[in-house]
Structures are given as C-alpha cells and as structure tokens.
Amino acid sequence: MLELLTNLCAFCNNKNLNFLETSFNFKTSAECGHQVCSNCYHGPVFQSKKVVPCPTCGKPMKKAQLKDKSWEQLQYEKEVKIRREVMRIFNLARDDFETQEEFENFRELGESIVWHRMNGVRLEWAEETLEQIEAKYRPKIQRRRAIVLDERRRFAEKQVEENERKREELLELMEAEEEERALRRLEQEEGVQVELGERRRSKVAEIRARKKKEQEEARERAAIQQGYGPQVVQFNQGAQLWTAHQLETQPRKENVQISTYENTGPDELRRLRQEAGGLDRDAASKRTHELILAGLLGA
Ligand SMILES: [Zn+2]
Ligand SMILES: [Zn+2]
C-alpha cells in the first residue's frame with residue numbers, strides 16, 4: 001500500500017497499474033529521480049528505443065540505467081560515496097589544529113565540498129579545493145590515516161575478545177532466564193513465591209542494559225563510518241521518518257508525489273539532519289564565502 005502512495009509512473013501516472021497485483025515494481029532514473037512502472041517499462045515505452053526523454057523533466061532516461069531503488073536510496077548511496085572520498089582527505093581531528101575555530105572551519109569546508117558535489121554545483125571549485133587541502137595538510141593527513149589504520153587493527157583485536165565475552169554473557173543470560181522460567185512454573189504449581197537470587201537478578205539487568213547501550217553505539221559508529229558527525233540521524237532513517245510523517249499529515253494526492261525530485265522531500269530530509277546536528281547548509285556556504293573573502297581559499 002505504501003508503495004502505491006509513494007511511487008508515480010512518469011509515463012502513465014499509474015493508470016497502467018493493475019490494482020489486483022499485490023506488489024508493483026517501479027524503476028527509478030538515477031538521472032532525475034522520476035519513475036517508471038513495470039508495465040510501462042516492459043510495455044510500450046522502451047519498445048523501439050533504449051533512451052527516451054523523461055516525460056516530467058525531459059532529461060534522458062536510459063532503459064539500462066534505471067534502478068530498482070527509490071530516489072532517496074540512490075541519493076543516500078551517492079552521498080555516502082562522496083562523503084567517503086571527501087573524508088579521506090578531510091580526516092583531521094581537533095588536535096591537528098591550533099584553535100577550535102580553525103578546526104571548525106576545516107570541517108565546514110569539508111561539508112561544503114560534500115554538498116557541492118552532491119548537488120553538482122561549482123564542481124571545479126570543489127575539486128580544486130580538495131586538491132589544495134590535500135597539498136596543504138599532506139603530512140598531517142597521512143599521519144591521521146596511519147593512526148586510523150592502527151586504531152582499526154587494535155579494534156579488530158579487541159573485537160575478538162569482545163565477541164568471546166558477549167558469548168559467555170549470552171549463555172549466562174539464557175541460563176538465568178531458563179532458571180527464572182523454572183521458578184515461575186514452580187510458583188504456579190506450588191503456589192509459593194520464589195525469587196531469582198538477588199545477585200543473579202542484578203547481573204541479568206546489567207547484561208540487558210549493556211546490550212542496549214552496545215546497540216546504540218553500533219548505530220552511531222555506523223553513521224560515523226559513513227562520514228556523518230556524531231548524533232546525526234542517518235539519511236535513510238530520515239526518509240522513513242519523513243514518509244511516515246507525510247502519510248499521516250498530507251492528503252492522499254500529495255503522497256503520490258513523495259519520491260519525485262521537485263517536491264520538498266530532499267529539503268525536508270536535510271532539515272531533519274540539520275536538526276539532528278548535521279550540516280547547516282546555509283551556515284556552511286556562508287562560512288565558505290567568508291573564507292574566500294578572507295583570501296584563505298581560491299574562489
Ligand atoms: Zn506506467
Ligand atoms: Zn525526470
């Protein structure tokens with residue numbers, strides 16, 4: 001049902017959909033984000049041509065390049081790829097700089113490059129700046145890469161020990177839960193109140209709390225590895241949030257437009273990310289502008 005509301009075929013406005021089918025497959029153009037339903041895809045649209053202009057925006061749609069993913073997913077993957085490339089160079093930490101301000105300028109510049117590459121704006125400037133930064137900080141960047149590699153190696157070693165500890169803990173938890181179930185059975189059958197030993201109970205609570213914390217940390221680590229700052233919700237989580245919000249608050253007709261490029265989707269996602277501590281695009285580009293004015297960066 002969700003799929004019905006969030007996809008719109010650019011060729012038939014969903015008129016070719018067979019509503020008796022339980023699922024519809026839409027393919028998305030990575031070029032513009034507009035979609036083709038499976039009936040149009042296999043049917044009339046690409047019968048004689050491999051490339052047709054998108055009916056909504058006119059950009060070329062190549063049959064071979066249509067993806068089985070949503071526009072949000074494609075954008076998310078693109079951003080992660082760009083972020084990894086940029087953060088290979090923008091990898092310096094606070095103690096690589098004299099002042100907090102220098103460090104923040106550096107980080108904002110990195111975010112600005114990500115944004116410009118993401119949106120295909122001033123690409124030449126983005127590439128030149130990336131090269132300048134790499135040349136300017138080369139020894140520090142390489143030192144930081146070595147530190148990260150070393151950290152990863154130690155992390156992998158620690159991971160082995162950690163897995164062993166988790167396995168033992170899980171066994172203990174299962175044992176305690178089994179014991180508790182047995183006690184409850186006894187309680188029901190005999191009508192007596194039996195308590196799991198105090199020490200055992202607090203141990204179980206401790207294991208459960210630690211498991212929860214570990215899950216949260218793992219999520220955060222995954223976000224950081226993809227190049228996001230701490231505390232930033234992931235792009236695709238934002239998309240789900242937004243879609244859910246949209247379905248609750250918007251009339252049906254609006255929902256049909258969700259995954260097209262012109263609607264407010266991507267901006268809304270960006271806003272969600274900013275609220276969660278992500279890049280403030282306006283502040284970042286203003287800052288970049290100031291740096292250019294100050295002669296610190298080539299325009
Ligand atoms: Zn169609
Ligand atoms: Zn289009």
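Read the numbers this way: they start at 1 and go in the same order the structure lists the ligands and their atoms.
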For the Zn ion (ligand 2), which N, O or S atom of His34 is at the shortest distance? ND1

Less than 4.5 Å apart, any side-chain heavy atom of Gln75 and any of Glu79? no

Establish, yes or no, whether a centroid distance under 6.0 Å links the rings of Tyr137 and Phe97. yes

Does the pair Gln73 and Glu77 meet the rule for a side chain to side chain donor-acceptor pair (under 3.5 Å), with working shown? CA-CA 6 Å; Gln73 263 175 309; Glu77 284 168 13; 5.1 Å; no

Please work out the angle at the Zn ion (ligand 2) defined by atom SG of Cys32 on one side and atom SG of Cys57 on the other, rounded to 10°. 110°

Connected via hydrophobic side-chain network under 4.5 Å: Leu92 and Val86: yes

Opening angle at the Zn ion (ligand 1) [SG, Cys12; SG, Cys9; to 10 degrees]: 110°

